[in-house]
Amino acid sequence: MSLIVQDLLSAAVIAVAAVVTWHLRTQAADRHHQRVRQLNEAADFLAMHVRDMALFLEHPAATAHLKALLMRCSAVLEDREAAERLTGWAASRTIEALADAQETRAIDEELSLLRRSEPDLADCFDTAIVAAVAAASLRWPESAARFEAAFPRMMATPRRDAAIVAAVTRLEPGPLFSVRPVGATAAA
Amino acid sequence: MLPPGTIAALKGHPNEIVAVAIFAPAAAAMAAGAPAWPLAFLAVAALGVFHIRQTASERHNEVMAQLRIEQTLATAQALRTRHGAGRLSPEQATLPLAGSTAGPVSGQRDGRGTAR
């Protein structure tokens, strides 16, 4: 009788171990697959961003101001904190509020002019910006978690490209060089 | 031995296939009269080894994806540098550096917004 009980106990232990291990393994595998998928998508979007940024920067019809804005966005969105704040802003509708800002309207006007004369080039700018935002959002876990809520809202924003550019330039970290008195530097 | 439909349900689920492949023979051996505790220990140990191998493989995939991103970022940075982003103007070049160390040399920023 005790042998039967012992066998049943062993079987129960095996069954419980199997279920728990299966559950933990499946959860871990799902998390990893999701993260790897996000990273691969971020890499694809980044490649798209680089391709269209190159096309835009090489084109003689692109204005120097738009080129500078695109390069600033590209640089700022490499920052983890900036990506996190951008997705936070998008999810909380801060970017929507920026759509009517004066700087947004100015950028949008410049883009509209470009769209009339060089529609393909304006599309390059559009793709480069959207791909940069998507890549930045998916690259880090914190912003990737907000991606689902933030990205559709960003895409539905009026004057989308201009609003995103205006938002991203506000995320720019402080100046690379601070203006300090020369004497202070010499003393330090 | 296995409940009907198990094989069909396992298709495309490698973790579950391994779990069944390990535990089904263990259960069969137990039913045939083999000692239960060593078998249980072996089955759990086999699952542990499988878990470690799978985790390593997943980590490798993650690192490879990160590497792809880093490579593309390097291309983006080269492109920006070629077109003058972050290049110092003549006036800025004479300003003192904000930090005593790790000051930007080329004016090019890295992924954390600091100088590389």
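Values below: every heavy atom of this structure, side chains too, minus hydrogens, waters and symmetry copies. So that the names make sense, note that chain A is the first sequence line, chain B the second, and so on, each numbered from 1.
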_Contact origin within A:Ala68 toward chain B - heavy atom pairs under 4.5 Å_ = neither
*Determine the option with the most heavy-atom pairs under 4.5 angstrom with chain A, choosing from B:Arg59, B:Gln66, B:Gln71, B:His51.*
B:His51
*Heavy atoms only, distances under 4.5 angstrom: which of A:Leu46, A:Val50, A:Leu77 has the most pairs with chain B? Name it, please.*
A:Leu46
*Verdict with reasoning, B:Arg68 to A:Asn40, per side-chain contact (heavy atoms from CB on, under 4.5 Å)*: CA-CA 8 Å; B:Arg68 270 185 72 205; A:Asn40 280 323; 3.1 Å; yes
*Heavy-atom pair of closest approach, residues A:Leu66 and A:Ile107*: CD2-CG2, 4.5 Å
*Do we see a donor-acceptor contact under 3.5 Å between the side chains of A:Gln38 and A:Arg35?*
yes
*Taking it one step at a time, do A:Asp108 and A:Arg105 satisfy side-chain contact (heavy atoms from CB on, under 4.5 Å)?*
CA-CA 5 Å; A:Asp108 190 53; A:Arg105 285 181 182 279; 5.5 Å; no
